[in-house]
Each structure stands twice: as C-alpha cells, then as structure tokens.
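Step one of this worksheet: look at the structure below.
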Protein chains: 2
Amino acid sequence: MTDEIELPGEVTLLWGLRETVRRGRKPSLTVADITRAAVEVADAEGLAAVSMARVAAQLGNSTMALYRYVKSKDELLLLMSDAALDGPPDLPDGLDWRTGLTLWARGLLKVLGRHPWTVQIPISGPPVGPNNLWWFDRALRALGDTGLDEEDKVGVVMGLLTFVHGELRLSIELSKGYAENPEAFGRQYGKALAQVVDARRFPALSKVIAAGVFEGEVPYDDEVEGEFGLSLFLDGVAAFIERRTARQG
Amino acid sequence: MTDEIELPGEVTLLWGLRETVRRGRKPSLTVADITRAAVEVADAEGLAAVSMARVAAQLGNSTMALYRYVKSKDELLLLMSDAALDGPPDLPDGLDWRTGLTLWARGLLKVLGRHPWTVQIPISGPPVGPNNLWWFDRALRALGDTGLDEEDKVGVVMGLLTFVHGELRLSIELSKGYAENPEAFGRQYGKALAQVVDARRFPALSKVIAAGVFEGEVPYDDEVEGEFGLSLFLDGVAAFIERRTARQG
DNA sequence: GTGTATTGCGTATGGTATACGCTTAAGAGC
DNA sequence: GCTCTTAAGCGTATACCATACGCAATACAC
C-alpha cells in the first residue's frame, strides 16, 4: 500500500520536508521567512514587483542568499500560491451539498481576493501544497452525502475550482483595467463598440449594444456576475447528481 | 445615437484604424506583419520566447523599429490574443441553443488549443478586438430563441467564456507540467499524495486517494473533463432558462 | 530643389534571473 | 582546543529584457 517512493522536489519543498543537516554554517533564513516576505511584497506592490532582489531586500539579505533555500523563482511562486490560501471555512457538518459548496466558493473568492496576484501565477501541475489540498478536501467533504462516487466528486470539484479561478481572474483583471483607464472602460465602452461594430457582421452583438447593456458605469460587476455564474454551475451539478442517483437507486 | 467619441487607442489599434499619413519615409512594416511574426514565434517557441528583439529578428528588422507601430509590448500581446482567434464556426441557423453553444465551446477549445499561449496573456479589459467580438456575437446568436433578455444572454456567455478559458488554462498547464515531469505527475502523483496526506486532517481526500482515483496514467484528461464540466455548466443554463421563461410566460 | 514629417535604428539605461566561486562560519571528531 | 568538513552568505559576471532618446535616412508636399 504505502510503498515508499522518493517524493518529488516540489512536494518536499511545500511540505517543509527538505532535509535539514547539522554541519556547516547556520542558516539565517527559512523557507517560510522568504515566502512571507514575497507575499508581503506581492500584496503591497503587485506580483510584478516580486523579484529575487526585491524579496531579499525585504529580508535585509543579499539576492543570492535566497537560492540556498529555493532552487528558482518558480519554486518561490509555487510557495507563494500555496501560502496565499489561508485555511478554508469550517463548514458545519449537517449542511446540504449546495449550501456547502456555495459557502466554499464564496470563501475561496474572498481569500483569493485578498491576494489578487495569485491568479497571475501559472499553474505548474496538479495541487500538492498543503493549503491547496486542504481546500480540496473541504469541497470533497461537502459532496459527502450526495451518493456520487469518488471520481465524480473529483470531477465536480475540479470544475468548480476551474470556474472560480476563471471568474476571479476575469473580474480582477477587468477591474484593474477599469481602474487604470476609467473613461475608456466605463460609459465609453458601449459607445466605442457601437461605432466599430457593424450590424451585418455582428447582428446579435448589435442588438445587445442597442439594448444598452454596456451603458452602465462598470460593464462587469464582480459580485453579481460571480453569484450568477456560480448558481448556473451549481444548477448543473444538481442536475448531474439527480441523473446519477436516479440511475443507480 | 451615434455621438462621435474619440476611440480609445486599443480600439483603433485592433481595428486597424491608426491614421495613416502621406508625408515622410515609407513604413517597411505593418501592424499585421508584426502580429503575424509574433504569433509565429509564440507558436513555435512559446510565449516566453516572444521578445521585441526576437520578433524583430523574425522580420529582419531592428528591435526599435517595432515601436513605430506598437506603443509597447502589451499592445503587441493584445494584438496577438485577437489574432489567435480565427473565425468562429458557422453554425446552421435552426440549431437549438444547447447544441449551438456546445459546438461553439468545442470550437473555441479547438482554436485556442492551436495557440496554447493565449491563456497566458493577461486580460487587460473587456473584449474589443474584432475576432473576440465575432466569437462573442456567435455565442449570443446561439441564445437567440431562448427568450432570455439581452442582459441575461451576456451573463450566460460571459460565464461560458470564463469557464472555457479556465478549463483550457488548467488543461494546458497541467499537460505541460506532465510533459516536463512525467514520473512525478503520472503514476507517482497518487502515491506521493498518499505519503503526505494525513487521514485525520484530510478525511475526504484520503478516501479519494484510497479509491485509486489518482492512480491513472494521467491524472487529468482534457477531453473527458472538459466535456464533463461543459455539460454541467450547460445543465445550469438550461435550468436558468426554464426559470426565466416560466416566470415571464 | 527644398522643407518637413516620419521611419529606421544605434546606443544607453536600468531592470531581470541565475551560474560560479570565494569567503566565512559552525558543528564533528580528534 | 585545534582542525577538517560542510554549508551558508554573497560579490561578480553573464545574458537577457523593455524601452527612452536622438540622429540619420528617406520620401512626399510644395
């Protein structure tokens, strides 16, 4: 069952299992210190400001010292993306799956919203970090009494995770674009589209523009759109659960 | 109705409306040339290889020449992300919305799959490029006979777009990670998790691991998972349409 | 032909990740 | 306590990157 295998480098890093040896000069930093400093920089100045030099400066060390703890900047980014996920909300036990997943998704949106830069970090593989797995576990647990088999549960959670990530990425980057350039993306957006969109080539879009959908102050409202999309997805999950349990029961 | 406003710089760029003047030295390049070259580089060597110098070399020009056509690299990325979207599939007119959107989503996945780097380009605002709007229009059209009002159609399409993008990003980056490191993410993944995941802290996840869900060759199958998630989402849309039309009709 | 606008491009600046090797410090064994 | 071994700290160097600036080359307007 538990055949011992050599754990991949990323796993040992994220779980703090890098072997610590006795001999030699004492380390003045820890991986946790470095991660914390990098997260601070990203929170304050954005992910673009996170350079090895900047993080080292934050810690009062030299740039190259960091490479004794972390193989590359990519490893640091991996650490950051796990560290940004504080623990998932502790859901009461008796909840039905739908309220459970709704709370879970809202919680995830909230946590990630506190560290908006997470959505810019490229995914480098399946989840292995402790916090990532913690969230994963809680979502699976919410599906506990649905009668789905384990594989389907994973599929549902993956889908939801994908959706929340996409939603967040869109809303964060849109509102960033809006903040940088309010005139262009506010009222003007609809008008600019109207000038450029030809009714013959874009019939359906023209109708939408004519109906004034893009005339609002902000073309995209995170909260509203997020809840809307989420409930669409969960309706889909409900239909799926019903189909599965009907077939088996 | 059509109050003339000054179009934002991005719009004039993407629609080829930058004013062309007569006097002075003749330009030896066009924005389209530059975009094409950049796309070639990205297709062949990945988005990371796209530097102003590399693109200029591809065209046999000097680096700085590009800046006469494009204000910054960000503008170039914007052009690339519109250019990567070839035209949407031409859907027959009589289709019901669900087959229409399914074909649309599959088509989008296929097109974006041919230029996987698109998912790495940060979104800088609402869609304004001609190809982006073209796709948008076709999705709206597929919802034409559902009885939804224009705003709801936009919400549904945005949700679907978000989902497809997220799906693609996940599947592309996962399979990249898998290609780079097959042992770690193949069979080993489940075993590595098993060694590190404690059943008390991660009860639901442990059950999934024990069930062998992560034991397959590839932990995540694009095709299967994509269709699965898509049908979940479309089930949700169906439920939404039913609710709306029931209330109004 | 002359003036002028515009492109092409060389150079310079200040940033980036990170490879390498030397210096320094700290525990291990004697 | 001395020496050896090992690892950390870090200065330097390399090879990129985007892009600001200024000047030379060029082509149309008059």
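By convention in this document, chain letters (A, B, ...) are assigned in the order of the sequence lines, proteins followed by strands, and residues within each chain are numbered from 1. Please read all numbers here as calculations on a predicted model, not as lab measurements.
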Listed partners of B:R114 passing salt bridge (Lys or Arg N to Asp or Glu O under 4.0 Å), at least two apart:
B:D86
Quick note, side chain to side chain donor-acceptor pair (under 3.5 Å) partners involving residues 24-40 of chain A, not counting sequence neighbours, are A:T30-A:D33, A:D33-A:R36, A:E40-A:Q58
Using a 4.0 Å cut-off on heavy atoms, which residues in residues 45-52 of chain A reach DNA chain C? List them by number, or say none.
A:S51, A:M52
Quick one: side chain to side chain donor-acceptor pair (under 3.5 Å) partners of A:R201, sequence neighbours excluded?
none
Nearest-0.5 Å distance, OG1 of residue A:T118 to CG of residue A:L47
9.0 Å
State which residues pass salt bridge (Lys or Arg N to Asp or Glu O under 4.0 Å) with B:E45; sequence neighbours excluded, sorted by chain then number.
B:R54
By ring-ring contact (aromatic ring centres under 6.0 Å, His included), B:H115 pairs with (sequence neighbours left out) B:W117
For DNA chain C, find the residues of residues 56-66 of chain A with a heavy-atom distance under 4.0 Å and give them by number; none if there aren't any.
A:T63, A:M64
Aromatic plane relationship, A:F163 with A:F233 - under 30° parallel, 30 to 60° tilted, over 60° perpendicular
parallel
With a 4.0 Å heavy-atom cut-off, tell me which residues in residues 67-75 of chain A come close to DNA chain D, sorted by residue number.
A:R68, A:Y69
List for me each residue that meets side chain to side chain donor-acceptor pair (under 3.5 Å) alongside A:N61, sequence neighbours excluded, and say none if there are none.
none
Contacting residues from residues 28-44 of chain A, given that a heavy atom lies under 4.0 angstrom of DNA chain D
A:S28
Just jot down the ring-ring contact (aromatic ring centres under 6.0 Å, His included) partners of B:W15, sequence neighbours excluded, or say none.
none
Restricting to salt bridge (Lys or Arg N to Asp or Glu O under 4.0 Å), what partner residues turn up for A:E75, sequence neighbours left out?
A:R18
